[in-house]
There are 2 protein chains.
Amino acid sequence: MISEIQGNIYRKFLEKFVSFTDEEWAIFLPVLELKKLKKKSFFMEAGKVCQEVGFILQGTVRCYYVKDGTEVTTYFSFENELISSYKSFLTETPSITYVEAMENTELIVFSKKSLQLLLEDSRIKYKMERFGRTVAEYYLCCYDDRVFSFVTQTPEQRYLELLSSRSDILARIPQHYIANYLGITPVSLSRIRSRIMKPHISLLETLQSP
Amino acid sequence: MISEIQGNIYRKFLEKFVSFTDEEWAIFLPVLELKKLKKKSFFMEAGKVCQEVGFILQGTVRCYYVKDGTEVTTYFSFENELISSYKSFLTETPSITYVEAMENTELIVFSKKSLQLLLEDSRIKYKMERFGRTVAEYYLCCYDDRVFSFVTQTPEQRYLELLSSRSDILARIPQHYIANYLGITPVSLSRIRSRIMKPHISLLETLQSP
DNA sequence: CGGAAACGTTAACAAAAGATAATTAATCAG
DNA sequence: CTGATTAATTATCTTTTGTTAACGTTTCCG
């Protein structure tokens with residue numbers, strides 16, 4: 001059960017994708033649940049089939065994959081963003097990624113079961129299809145950008161672009177996770193950063209030299 | 001106007017995503033058009049807004065981006081696959097990629113305008129939403145895999161995986177396009193290939209040596 | 001508060017990738 | 001068929017990245 005305030009935040013967010021009428025919202029709202037995750041607890045674990053899509057009211061979440069015993073972070077999400085192990089959720093196959101709260105996190109979740117019920121509820125099925133379509137299209141475009149950056153840019157260029165487009169991410173996320181996200185090692189990202197800084201320092205030195 | 005045979009091929013393909021009733025198909029079919037592309041001609045050019053989604057009846061198509069005057073291939077598609085500049089099509093923004101026929105290609109196209117009309121046609125709108133949703137979900141999963149491979153694998157591992165999962169691609173596509181697709185240079189791919197081959201050769205040498 | 005763990009930086013070396021160019025192989029068009 | 005493009009390989013050199021390890025810093029937790 002979620003509060004009216006929480007529901008309204010979610011409803012406003014969903015406007016980006018689809019508008020629910022009051023009647024539709026009255027059907028949709030009751031299937032939503034509030035979920036609280038303590039820092040470092042899981043929204044989703046590898047090997048399980050993801051049954052939910054979450055909407056982050058508060059907190060930060062990261063997706064990662066365990067490769068040879070070490071974690072490789074693939075994504076992060078913040079307040080007012082959806083989170084899921086999409087492929088697992090959509091295809092009902094075991095997830096290969098973990099989804100973990102990086103801080104105490106509050107989510108509105110809506111389950112696969114609820115989605116399936118609503119997709120068969122004649123009062124709202126059309127709107128749910130549209131909802132699913134627009135959300136999937138949105139994430140498709142996000143993925144498209146990301147693939148494009150891997151194919152056409154160097155790690156340094158990807159970092160600079162992240163720096164200019166999502167400095168909020170850089171500010172809140174440990175650097176070694178960023179490195180994973182960019183497809184490089186933490187050591188390499190550290191070098192990229194010092195490479196980028198160098199020109200500024202030498203400029204300062206020039207100004208200071210006699 | 002497309003033939004019944006062509007329409008049935010498309011209809012069967014679309015079953016992967018959604019089943020049309022005969023009545024629905026009777027509405028859908030007339031909006032489809034046949035398009036023939038000569039080798040090296042464009043399905044889509046950078047700078048334009050993509051107005052169509054194509055289904056390849058015959059031929060091969062590649063997506064590429066022009067960076068500093070050179071082409072960088074990002075994707076290819078074959079018979080029985082959909083093709084579009086998805087982000088441009090979905091967001092109605094200018095495409096940054098070209099989509100070009102690699103051989104003489106025959107497509108069934110369906111236009112944004114037709115889609116919009118059918119999305120407002122009460123007889124079929126529900127099915128069209130579902131169609132859009134399932135197609136977007138499908139491609140979302142494809143992109144998810146591709147991003148995952150960039151984050152967690154080396155170029156060599158990506159090549160080996162492509163080799164085992166899509167050898168049809170490797171057989172039909174010039175190698176320097178494959179290199180682009182993997183996010184590396186053609187020279188680098190050539191080295192990866194020789195690296196992979198080496199062990200076999202030295203095995204042969206071992207067998208031949210006295 | 002203090003020890004342990006986690007982070008970011010730096011260094012040293014090995015491995016791989018990019019850039020360029022030369023050579024060979026394959027393909028295409030006349 | 002053949003000359004001309006285009007593609008793929010190989011070589012050389014430079015740059016970047018990966019790997020491992022050391023070091024100082026910060027953060028966390030008992």
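Each chain gets a letter, A, B and so on, in the order its sequence line appears, and its residues count up from 1.
In this structure, A:Val187 and B:Thr154 both approach DNA chain C, and ranking their closest nucleotides by distance from the 5' end singles out A:Val187. Heavy-atom nearest nucleotides on DNA chain D were determined for A:Lys40 and for A:Gly183, and the one closer to the 5' end corresponds to A:Gly183.
Dashed line: the shortest gap from a side-chain N or O of B:Arg195 to OP1 or OP2 of C:dA17 is under 4.0 Å. A close approach under 4.0 Å does not occur between any side-chain nitrogen or oxygen of A:Thr185 and OP1 or OP2 of D:dT17. A close approach under 4.0 Å does not occur between any side-chain nitrogen or oxygen of A:His176 and OP1 or OP2 of C:dA6. When the side-chain nitrogen and oxygen atoms of A:Gln175 are compared with OP1 and OP2 of C:dT9, one or more of them lie within a distance under 4.0 Å.
For the pair B:Leu170 CG and D:dA8 C1', the computed distance is 15 Å after rounding to whole Å. Following rounding to the nearest Å, B:Gln153 (CD) and C:dA16 (P) show an atom-to-atom distance of 16 Å. As a whole-Å value, the separation of A:Ile184 CD1 from D:dG18 C1' is 11 Å. Rounding to whole angstrom units, OH of residue B:Tyr159 and P of D:dA8 are separated by 11 Å. Rounded to whole Å, atom P of C:dA17 lies 18 Å from atom CD of A:Glu156. Atom C1' of nucleotide C:dA29 and atom NZ of B:Lys38 are separated by 16 Å, given to the nearest angstrom. Rounded to a whole Å, the CZ atom of A:Arg193 is 15 Å from the P atom of C:dC7. Computed from coordinates, the B:Glu103 CD to C:dC28 C1' distance equals 15 Å when rounded to whole Å.
No hydrogens or angles considered: a donor-acceptor pair under 3.5 Å links the side chains of B:Tyr143 and A:Asp144. A:Arg158 and A:Ser149 share no side-chain donor-acceptor pair at under 3.5 Å.
Under a 4.0 Å N-O distance rule, the pair B:Glu137/B:Arg133 qualifies as a salt bridge.
Looking at heavy-atom distances under 4.0 Å, B:Pro186 makes no contact with the nucleic acid at all. Residue B:Ser190 is classed as a base contact, given a heavy-atom separation below 4.0 Å to a base. Within 4.0 Å of A:Leu189, counting heavy atoms only, lies no atom of the nucleic acid at all.
Evaluated for a salt bridge (Lys or Arg N to Asp or Glu O under 4.0 Å) with A:Arg62, the options A:Glu103, A:Glu100, A:Glu81 yield exactly one hit, A:Glu100.
Which of D:dT17, D:dA7, C:dA17 sits closest to the side chain of B:Ile192 comes down to C:dA17. Of all nucleotides listed (C:dG18, C:dC28, D:dT17), D:dT17 comes nearest to the side chain of A:Ser188.
B:Tyr181 carries B:Arg146 over the face of its six-membered ring, with the cationic atom under 6.0 Å from the centre and within 45° of the normal.
Taking only distance into account, the side chain of A:Arg191 meets the base of D:dG18 through a donor-acceptor pair shorter than 3.5 Å.
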